[in-house]
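Read the structure below first, then the notes.
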Amino acid sequence: MPAYSSKAQPYLDAIANGVFSSQKVRDWMIEGTAAEAEYLGSHALLEEQRRVRWRTGKTKQEFWANYWCGKDSRCTCRIEGSKGLETDAIFFLRSRSNRVLAVHVEFKHAFEAFKYGQPESYPLRASCFAKNTPPKINPHSDWTTVLFCGEDMLSDERVSNFQRVITHDEAAVVISGYPR
């Protein structure tokens with residue numbers, strides 16, 4: 001079986017392409033979140049994000065993927081006692097009033113379960129990154145969390161830790177090239 005990232009990568013690539021190329025996708029992703037009013041019509045910080053993430057060298061993954069918060073002291077946004085945690089993707093949007101939003105994305109295949117503490121850590125880490133921005137993350141004032149998942153995940157009460165939950169079927173309708 002391929003590594004997780006190679007299984008998820010076609011989906012994450014489609015999400016990234018949508019965020020970077022389509023106002024409709026950006027607006028749809030933040031629909032119903034606390035960020036919606038401020039960030040409708042925002043633009044993606046594609047080049048700015050690439051420059052910040054790759055400031056000390058290019059990463060193996062795309063510049064928007066796999067933001068890691070390890071168990072060492074370099075990440076102050078780790079939950080005490082937890083393992084190192086990764087955010088599948090982060091996208092930065094600038095509003096018309098010049099505020100910056102970090103959209104933290106978690107991807108789960110249909111019937112893929114959350115790891116222990118994983119959903120609970122997303123809003124905590126997103127809030128921490130806004131207050132204590134790590135060096136390879138763009139400075140931002142606001143954040144939101146988005147989960148892409150199968151319909152089976154909707155019955156898990158822990159999805160409430162995400163401000164927006166999007167099923168794969170919904171994503172396939174809105175995002176061009178999203179795998180079915």
Worksheet item: Is Val52 linked to Val105 within one hydrophobic cluster, defined over Ile, Leu, Val, Met, Phe, Trp and Tyr using a side-chain heavy-atom separation of less than 4.5 Å?
Response: no

Practice prompt. For the pair His140 and Arg99, evaluate side chain to side chain contact (heavy atoms under 4.5 Å, CB included) and give the outcome as yes or no after the intermediate values.
Written response: CA-CA 7 Å; His140 55 284; Arg99 292 181 65 84; over 6 Å; no

Worksheet item: If you take all heavy atoms of Ala44 and Leu93, which pair is closest and at what distance?
Response: CA-CD2, 3.8 Å

Practice prompt. Go through the structure and list residues passing side chain to side chain donor-acceptor pair (under 3.5 Å) with Tyr178, not counting sequence neighbours.
Written response: His168

Worksheet item: Do Tyr122 and Val159 belong to the same hydrophobic cluster, where Ile, Leu, Val, Met, Phe, Trp and Tyr are linked whenever their side-chain heavy atoms lie under 4.5 Å apart, directly or via other members?
Response: yes

Discussion item. For Leu124, is there any backbone N or O sitting under 3.5 Å from a side-chain donor or acceptor partner on Ser127?
Written reply: no

Worksheet item: Under a single-linkage definition using a 4.5 Å side-chain heavy-atom cutoff for Ile, Leu, Val, Met, Phe, Trp and Tyr, are Leu40 and Phe92 assigned to the same hydrophobic cluster?
Response: no

Fill in: side chain to side chain contact (heavy atoms under 4.5 Å, CB included) between Val146 and Phe162, worked out
CA-CA 6 Å; Val146 179; Phe162 295 90; 6.0 Å; no

Worksheet entry | Pair Leu101-Ser95, side chain to side chain contact (heavy atoms under 4.5 Å, CB included): steps then yes or no | CA-CA 8 Å; Leu101 173 72; Ser95 72; over 6 Å; no

Practice prompt. Just jot down the salt bridge (Lys or Arg N to Asp or Glu O under 4.0 Å) partners of Asp13, sequence neighbours excluded, or say none.
Written response: none

Discussion item. Assigning hydrophobic clusters by single linkage (Ile, Leu, Val, Met, Phe, Trp, Tyr; side-chain heavy-atom cutoff under 4.5 Å), is Ile30 placed with Trp28?
Written reply: yes

Worksheet item: Taking only residues two or more places apart in sequence or in another chain, which ones pass ring-ring contact (aromatic ring centres under 6.0 Å, His included) with Phe91?
Response: Phe20, Trp64

Worksheet item: So, do Val100 and Leu45 sit near enough that their side-chain heavy atoms are less than 4.5 Å apart?
Response: yes

Response to the item:
Quick note, salt bridge (charged side-chain N to carboxylate O under 4.0 Å, His left out) partners involving residues 36-49, not counting sequence neighbours, are Glu47-Arg50, Glu48-Arg94

Discussion item. The criterion is salt bridge (Lys or Arg N to Asp or Glu O under 4.0 Å); which residues satisfy it with Arg51, sequence neighbours excluded?
Written reply: none

Worksheet item: Under 3.5 Å, is there a donor-acceptor pair between the side chain of Arg164 and the main chain of Thr33?
Response: no

Item to complete: Spell out, as yes or no, whether a donor-acceptor pair under 3.5 Å connects the side chain of Thr87 to the backbone of Ala89.
Response: no

Worksheet item: Can a cation-pi geometry be assigned to Arg125 and Trp143, taking NZ or CZ under 6.0 Å from the six-membered ring centre and within 45° of the ring axis?
Response: no

Worksheet item: salt bridge (charged side-chain N to carboxylate O under 4.0 Å, His left out): which pairs involve residues 146-159, sequence neighbours left out?
Response: Asp156-Arg158

Practice prompt. Could you check Thr145 against Asn161 for side chain to side chain contact (heavy atoms under 4.5 Å, CB included), going step by step and ending with a plain yes or no?
Written response: CA-CA 8 Å; Thr145 53; Asn161 287 284; over 6 Å; no

Worksheet item: Are Val174 and Ile166 joined in one hydrophobic group, where the rule is that I, L, V, M, F, W and Y side chains link up if heavy atoms are under 4.5 Å apart?
Response: yes

Worksheet item: Counting distance only, does the side-chain N/O of Asp27 pair as donor-acceptor with the main-chain N or O of Gly41 below 3.5 Å?
Response: yes

Discussion item. Would the distance check show the side chain of Gln23 and the main-chain N or O of Ser42 forming a donor-acceptor pair, the cut-off being under 3.5 Å?
Written reply: yes

Worksheet item: Are any non-hydrogen side-chain atoms of Leu147 and Met153 less than 4.5 angstrom apart?
Response: yes

Worksheet item: Do Val103 and Ile90 come within less than 4.5 Å of each other through their side chains, counting heavy atoms only?
Response: no

Discussion item. Counting C-beta onward and ignoring hydrogens, is there a side-chain heavy-atom pair between Gln118 and Glu106 closer than 4.5 Å?
Written reply: yes

Worksheet item: For Met29 and Val19, which heavy atoms make the closest approach, and how far apart are they?
Response: SD-CG2, 3.4 Å

Worksheet item: For the residue pair Pro179 and Ala14, what are the closest heavy atoms and their distance?
Response: CD-CB, 4.4 Å

Item to complete: Could you verify whether a donor N or O on one side chain and an acceptor N or O on the other, from Tyr39 and Asp142, lie under 3.5 Å apart?
Response: yes

Worksheet item: Can any side-chain N or O of Glu112 pair as donor or acceptor with the backbone N or O of His109 at less than 3.5 Å?
Response: yes

Discussion item. Ring centroids only, cut at 6.0 angstrom: are Phe107 and Tyr11 within range, meaning strictly under it?
Written reply: yes

Worksheet item: Does Ala35 offer a backbone N or O that forms a donor-acceptor pair with the side chain of Thr144 under 3.5 Å?
Response: no

